[in-house]
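First up is the structure itself, then whatever we jot down about it.
Convention: sequence-line order gives letters A, B, ...; per-chain numbering from 1.
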Amino acid sequence: MRKFIALGLVYAIVQILIMTNLISGYFQATLVTIGINIILAVSLNLITGFTGQFSLGHAGFMSVGAYVCAIVTMRMPTIPGFILGVVLGAVAAAILGFLVGLPTLRLRGDYLAIATLGMSEIIRIIFLNLEITNGAAGLIGIPQFINWTWLFIFTVGIVLLLSNFVKSAHGRACISIREDEIAAESMGVDTIRYKVIAFIIGAACAGIAGAIYASYFYYLEPNLFGFLKSVDVLVIVVLGGLGSLSGSMLAAILLALISTYLQSFPEIRMVLYSLILIVIMIFRPQGLMGSREISLSVFSKLGNNKLWDRFKSQKGGH
Amino acid sequence: MDKLLQQIVNGITLGSIYALIALGYTMVYGIIRLINFAHCDIYMIGAYVGYFCMTFLKLGLVPSLLIAMLVCTILGVLIERIAYRPLRNAARISVLITAIGVSLFLEYGTMFFVKANVRTYPEVTGILAQRFKVGNIVISMQQIILVGITILLMALLQFIVKRTRLGKAMRAVSMDRDAAQLMGIDVNSTVSFTFALGSALAGAAGILVGIYYNTINPLMGVVPGLKAFIAAVFGGIGIIPGAMIGGYFIGAVEVMVSGYGGSMFRDAVVFGILILILIIKPSGLLGKNTREKV
Amino acid sequence: MPILSVERVTKAFGGLAAVSNVSLDIMEGELVGLIGPNGAGKTTLFNLLTGIYVPDSGTINLSIDNQRIPLNGLRPHSICQKGLARTFQNIRLFKDLTVLENVLIAMHQNIKYGLLTSFLHLPAYKREEEKLLQDSIELLRIFDLDKKKDELARNLPYGEQRHLEIIRALATNPKLLLLDEPAAGMNPAETANLMDIIGWIREKFNLTILLIEHDMTLVMNICERIYVLDYGMVIASGTPDEVRTNKRVIEAYLGEDINNA
């Protein structure tokens, strides 16, 4: 219950700040970016962090959601049209996740990463050459429906659903695949089924993130969804900690803030970004959170208290 | 027919570049199981060093080539020493992220110093500018030199890997790092040596591309890097002859597809081949299937 | 009717037959030992039975409640769901998960709630998870592991890791249990204790057990029948006394004293 009160407070405070113009348009865009990155990161974390399937193709799933939603809302610029766009975007991305999931399931580790990378590049090239996506020029003037309320609903909703999922029997089945695939299948876990499920859920969420992107920034081009976008998401996931949803959220917020701050130094922005990345990886290769969860009151539902106790006792022990 | 032959000539040229880069990927992967994303940027640095030597120092091709290879060697060894070695025992995904970080650092660091705009290699003159006509096929001197140097370097590499102590150490470490260490092989210096070899080849590829295509820019490594990596996977990653075959195959496919009107989908075809080979035979053309011990 | 019948099963790796033409029958409720020198193909046979490898030829059938279930070509998880569970020689626990989580995962097939319940934590979630928790703790008590349920599996002492592997296999609710060297690395006192517990588990869960073991005391003491493998072939079978005096078995173990090994 505390969780919902805290979430309600967060929503209300930001909403008031926006209505009283204390949050500038620029910072609102940062908020949207944070929300999108959180959705992308937690959904990739389900695939890579929890199920252990190394994917470098998240931008591909995102782009499908973005284009489908854009195309639908440009033809039906109404709230129902927008909702339809988001749903269809998620469904299209999920279907793609299924199609990618199936044949690549035999692959492990780096090979899977490269195959998913290839898949997302193929999608990008297809969007570059399709008429309905207006090729390299992209789509302009997508109706803007995303505001703080929608963003909040989607982001919090997806995070809560996924955190419930990973704590269920189905989530445990996914985790067992990451830990030891052969042991998992010998214990009755249908590993193929759960890998596909992880890909489908992860892809659907990425599709929603894409839809939010399209509907807020009202401009799409295929090159927004290149290899670097997938890398961005993977960086958030690894930085936050594989298998830690709160870590993903923390890293998404942190990186968005760093990135916003670095906007003032455009020439060395990427240089500093890459240096920060290298330094964090060298000194904290397991990411900020490892596989632990934070147990703040806001995230109390997310945090597994036993894990947190273990964390504290480990800290005390050393 | 002429068109086909011409495409084959062009394919061999492009394939040589991919093969040179792919060798670095495959050797590094073979020895520390890392997709070294920064490798393609070492190739880019090689192109810039060559540009610098030829434009400002007015050096000839051979000294420029050697300098570029030397600089890239040092760079490659430094990268391994500073960024990868501390993570030798960390999760592989962390090392991969580090490699991506190094890659971005090299790209945007270079961009910071030389700016993002395209640079043009000095116009080739004299013997280098010659073109030969065999029937209706045009072969330029640059192509001959590019392919010639590639084959020379690959032969040299084969000699080093097969016949020298360090090459044997490399092969031993890539088979079983712990066993090699127990046999008294210095793993760290062997890994450094591998990076040195791969980076030298990438540096050579960089300057050769500069001469052949004339234009270079800080992000020039990204796409060829991906394709060279695909070439390495195609041939069987970790296998040196596999990378060579893969390089020429991918080069040929790419030239054929764009030569026959599919240039929009050129990259898509290459990625499609990648996915096909991964599904049909993930261990690559020359790779052996390995089974996990239960 | 035997609960497990293996007929002329062969598996070769790169031309080398790891298991060749092996036939064996295990009756319901039996405790059967599988012995043989290193590299005789014992673990490979387990991997064939559990679907990790697919036999080149031959058939494997499981009979549960007088129903004949061919296992050939089934994937490991469905073989497990049919009632055949195993432990691993080289311990394959989920090392970075807790003891309890290891058992919960193995109970996977008892879960009736669907994906929607997982996402929304509907009432069925709480009800079933609580039941699962109780059942898991019940199982963990067998080896006194309930007190350690929140420890990471990797932090357990070696012997307890082997115990947890057995509990995890039991959690899948098997009819036939395959144990791959359950006593490996244990001292004689621990082995004696393990023998008691294996006997007790068999009674309590109404199990049929096939076990691979190098510890001859254990095999000879608790197994009712023994199959001996050498070079992938069954060279002898029978009661412990018959096997002990079998000439071919003695030859295969030449250099090792089978009575004392």
Contacts with chain C made by residues 281-288 of chain A (heavy-atom distance under 4.5 Å), listed by residue number: none
CZ on R168(C) to OG on S186(A), rounded to 0.5 Å: 8.0 Å
Within 6.0 Å of CD in E160(C), more than 12 heavy atoms from elsewhere: yes
Any side-chain heavy-atom pair of H121(C) and F165(A) under 4.5 Å: no
Partner residues of S43(A) under the side-chain hydrogen bond (donor to acceptor under 3.5 Å, both in side chains) criterion, sequence neighbours left out: H58(A)
Heavy-atom side-chain contact between L161(A) and L120(C) under 4.5 Å: yes
Side-chain donor-acceptor pair present, Y194(A), H77(C), cut-off under 3.5 Å: no
N/O donor-acceptor pair under 3.5 Å between H108(C) side chain and V189(A) backbone: no
Atom pair CD1/NE2 of I111(C) and H170(A) - distance to nearest 0.5 Å: 7.0 Å
From CA spacing to verdict: side chain to side chain contact (heavy atoms under 4.5 Å, CB included), K95(C), D180(A): CA-CA 9 Å; K95(C) 288 201 169 62; D180(A) 187 331; over 6 Å; no
OH (Y158(C)) with more than 12 external heavy atoms under 6.0 Å: yes
Donor-acceptor contact below 3.5 Å, side chain Y113(C) vs main chain A169(A): yes
Atom CZ of F98(A): over 12 foreign heavy atoms under 6.0 Å: no
P76(C) backbone acceptor or donor facing E185(A) side chain under 3.5 Å: no
Minimum side-chain heavy-atom gap N164(A)-S118(C) below 4.5 Å: no
Option that, when pairs with chain A are counted at under 4.5 Å, heavy atom only, ranks first among L93(C), L115(C), L84(C): L115(C)
Where R178(A) and L97(C) come nearest, the two heavy atoms and their spacing: NH2-CD2, 4.1 Å
Heavy-atom check, side chain of L160(A) versus side chain of F119(C), under 4.5 Å: no
Contact origin within A106(C) toward chain A - heavy atom pairs under 4.5 Å: both
Interchain contact, Y125(C) with chain A, by part (heavy-atom threshold 4.5 Å): side chain
Pairwise distance CZ(R172(A)) to CG(L132(C)) - rounded to 0.5 angstrom: 6.0 Å
Heavy-atom pair with the smallest gap, counting every atom of M187(A) and R86(C): CE-O, 3.6 Å
Closest-packed option against chain A by number of heavy-atom pairs under 4.5 Å, given Q81(C), E165(C), Q109(C), E129(C): E129(C)
Ring pair (Phe, Tyr, Trp, His ring centres under 6.0 Å): pairs with one or both residues in residues 163-186 of chain C, sequence neighbours excluded: F143(C)-H163(C)
Options I192(A), L162(A), I197(A), ranked by heavy-atom pairs under 4.5 Å with chain C, top entry: I192(A)
Side chain to side chain contact (heavy atoms under 4.5 Å, CB included) partners for V68(A), two or more places apart: V64(A), V72(A), L88(A), A92(A)
E101(C) and I175(A), any side-chain heavy atoms less than 4.5 Å apart: no
Interface moiety of T50(C) toward chain A, non-hydrogen atoms closer than 4.5 Å: neither
